[in-house]
Amino acid sequence: MNRYDIAKAHAKNRTKIRKAITQLNRSLNQAIKENKKELENANIRMMMILYAAYLESTLSYLLYFHGAQIKIVSVNYIIEKSTVHDRWHHFIDFCFRRNFLRGKRRALNLVNLKHTNFNRYNYLKSMIDNEIRAIIEIRNKLAHGQWAVAFNSDGDDKNHEVTTKIWTLSKKDVMAAKNIVTKFTEIMDALISSKEHFSSIFDDAVGALEENKIAHEEQYTMMLNEIRRKKRPT
């Protein structure tokens, strides 16, 4: 397969993942409506796995599709990183150097990037270290069968923080994951496309992302009320 065939395959994978998420969300809403807790928990866990899968598939798609922007040697360098988290970090570093430093291996700091681009760079890096990492970490635990108790990296003790997170996963976490993944991948697509496209969409995309974070509590409550209001009569 050449790089564009690989990109098309990843595009098909992304489409299937989106369709699967839609089906699981319908099942989740029905489970909430009928108060079927086990089905609700299963759907939530599977949706978190799929949102992380979408992140991974999107990165591969962007790397292989944008042949004019990134050579295959740089693609291989990024893909060879051991974790998806590290791959996203190197992807962003590559794109910022390409777009704003003419591809030069200079430090990605305030002096070289200037104020606006440096703040955007730090925002995205922080997003990877926090929201994106959290989604990936949850996926990794669930994918390794840790659906109730999460272990530490050595597998010899409980990871209390992640275990608590797994036990408290709710529809609200699914809504948050959708917001983060959708907006983050939109920004990443613009970032590798061109500096002009990235600069034109960044503020609106981040604004929508942050507004959705604030609105989630109210949206979640309204969503639950609506689902329960439509509950079928027995």
For a 4.5 angstrom cut-off between non-hydrogen side-chain atoms, does Ile138 reach Ile135? no
For Ala205 and Glu186, work out which heavy atoms get closest and say how close. CB-OE2, 4.1 Å
Can you hop from Ile32 to Leu39 via hydrophobic side chains spaced under 4.5 Å? no
Using side-chain heavy atoms (C-beta onward) and a distance below 4.5 Å, is Ile192 in contact with Phe65? no
So which atom in Ala150 and which in Thr163 form the shortest heavy-atom distance, rounded to 0.1 Å? N-OG1, 2.9 Å
Which heavy atom in Asp86 sits nearest to a heavy atom in Thr83, and how many Å separate them? N-OG1, 3.0 Å
Side-chain (Arg120) to main-chain (His115) donor-acceptor, under 3.5 angstrom: no
Should Ile180 and Ile132 be marked as a side-chain contact (heavy atoms from CB on, under 4.5 Å) after you check the CA-CA gap, both sets of side-chain angles, and the distance that decides it? CA-CA 8 Å; Ile180 291 163; Ile132 299 301; 3.7 Å; yes
Should we say atom CH2 of Trp167 is surrounded by more than 12 heavy atoms from elsewhere, each under 6.0 Å from it? no
Angle class for the His85/His89 ring planes (parallel below 30°, perpendicular above 60°, tilted otherwise)? perpendicular
So among Thr15, Thr22, Ile21, which one has a side-chain contact (heavy atoms from CB on, under 4.5 Å) with Lys19? Thr15
Just by modelled atom types, is the Thr164 backbone N or O under 3.5 Å from a matching donor or acceptor in the Thr168 side chain? yes
Nearest atoms (heavy-atom pairs only) where Ser82 meets Arg87: O-NH2, 4.1 Å
Does a sphere of radius 6.0 Å around NZ in Lys213 hold more than 12 heavy atoms from other residues, nucleotides or ligands, not counting ones at 6.0 Å or beyond? yes
Within a radius of less than 6.0 Å around CD of Gln23, do more than 12 heavy atoms belonging to other residues, nucleotides or ligands occur? yes
Once rounded to the nearest 0.5 Å, what's the spacing between atom OG1 of Thr58 and atom CZ of Arg14? 4.0 Å
Quick one: closest heavy-atom pair of Ala7 and Tyr61, and the distance? O-CD1, 3.3 Å
When you measure from the side chain of Asn179 to the backbone of Met175, do you find a donor-acceptor pair of N or O atoms at a distance under 3.5 Å? no
Geometric cation-pi criterion Arg18 and Tyr54, 6.0 Å radius, 45° cone: no
How long is the straight-line distance from CG of Asn41 back to CD1 of Ile166, given to the nearest 0.5 Å? 11.5 Å
Please work out whether the ring planes of Phe198 and Phe96 are parallel, tilted or perpendicular, with thresholds of 30° and 60°. perpendicular
Ser126 side chain to Asn122 main-chain N or O, any donor-acceptor pair under 3.5 Å? no
In this structure, are over 12 heavy atoms from other groups packed under 6.0 Å from Lys36 atom NZ? no
Atom of Ser60, atom of Ile79 and distance for their closest heavy-atom approach: OG-CD1, 4.2 Å
Is any side-chain heavy atom of Leu55 less than 4.5 Å from a side-chain heavy atom of Phe184? yes
Check the hydrophobic clustering (I, L, V, M, F, W, Y; side-chain heavy atoms under 4.5 Å; chains of links allowed) and say if Tyr123 and Phe100 are grouped together. yes
Could you walk me through whether Asp173 and Ile44 pass side-chain contact (heavy atoms from CB on, under 4.5 Å), step by step? CA-CA 8 Å; Asp173 293 289; Ile44 288 169; 5.6 Å; no
How about His66 and Leu62: do any of their side-chain heavy atoms sit closer than 4.5 Å? yes
Lys/Arg-Asp/Glu bridge criterion (N-O < 4.0 Å) met for Glu56, Arg139: yes
Let's go through Leu59 and Thr185 carefully: what are the C-alpha distance in whole Å and the side-chain angles of both, what is the deciding distance for side-chain contact (heavy atoms from CB on, under 4.5 Å) to 0.1 Å, and is it a yes or a no? CA-CA 8 Å; Leu59 177 56; Thr185 53; over 6 Å; no
Starting from the C-alpha separation in whole Å, work towards a yes-or-no answer on side-chain hydrogen bond (donor to acceptor under 3.5 Å, both in side chains) for Asn29 and Lys171. CA-CA 9 Å; Asn29 290 343; Lys171 170 78 176 186; 3.0 Å; yes
Using the ring of Tyr77 (Phe, Tyr or Trp, six-membered ring only), decide whether Lys81 places NZ or CZ under 6.0 Å from its centre and within 45 degrees of its axis. yes
With rounding to the nearest 0.5 Å, note down the distance linking CD1 in Ile128 to CZ in Arg133. 10.0 Å
Strictly distance-based, threshold 3.5 Å: is any side-chain N or O of Arg3 a donor or acceptor partner for the main-chain N or O of Leu63? yes
May I have the step-by-step check of side-chain contact (heavy atoms from CB on, under 4.5 Å) for Leu110 and Lys114, ending in yes or no? CA-CA 5 Å; Leu110 179 61; Lys114 310 308 179 189; 6.0 Å; no
Does this structure show an ion pair linking Glu131 with Lys183, if we count only N-O contacts that are shorter than 4.0 Å? no
Taking Arg45 for the side chain and Trp147 for the main chain, is one N or O donor matched with an acceptor at less than 3.5 Å? yes
Inter-residue atom distance Met47.CE - Ser27.OG, 0.5 Å rounding: 9.5 Å
Short question: side chain of His144, backbone of Asn140 - any donor-acceptor pair under 3.5 Å? yes
Within one Ile-Leu-Val-Met-Phe-Trp-Tyr cluster: Ile78 and Ile72, side-chain cutoff 4.5 Å: yes
Flag for Ser57-Asn13: side-chain donor and acceptor within less than 3.5 Å: no
Is the side chain of Gln69 donor-acceptor paired with the backbone N or O of Ser194 at a distance under 3.5 Å, no angle test? no
Nearest 0.5 Å please: distance from the CG atom of Leu209 over to the CD1 atom of Ile187. 6.5 Å
Kindly compute the distance separating CG (Leu108) from CZ (Arg106), expressed to the nearest 0.5 Å. 10.0 Å
Taking the six-membered ring for Trp, are Trp88 and Phe91 parallel (under 30°), tilted (30 to 60°) or perpendicular (over 60°)? perpendicular
I'd like to know if the side chain of Asn112 reaches the main chain of Leu101, judged simply by a donor and an acceptor atom lying under 3.5 Å from each other, with no hydrogens or angles considered. no
May I ask you to decide if Asp156's main-chain N or O and Asn152's side chain share a donor-acceptor pair within less than 3.5 Å? yes
Does the side chain of Ile214 come within less than 4.5 Å of Glu210's, by heavy atoms? no
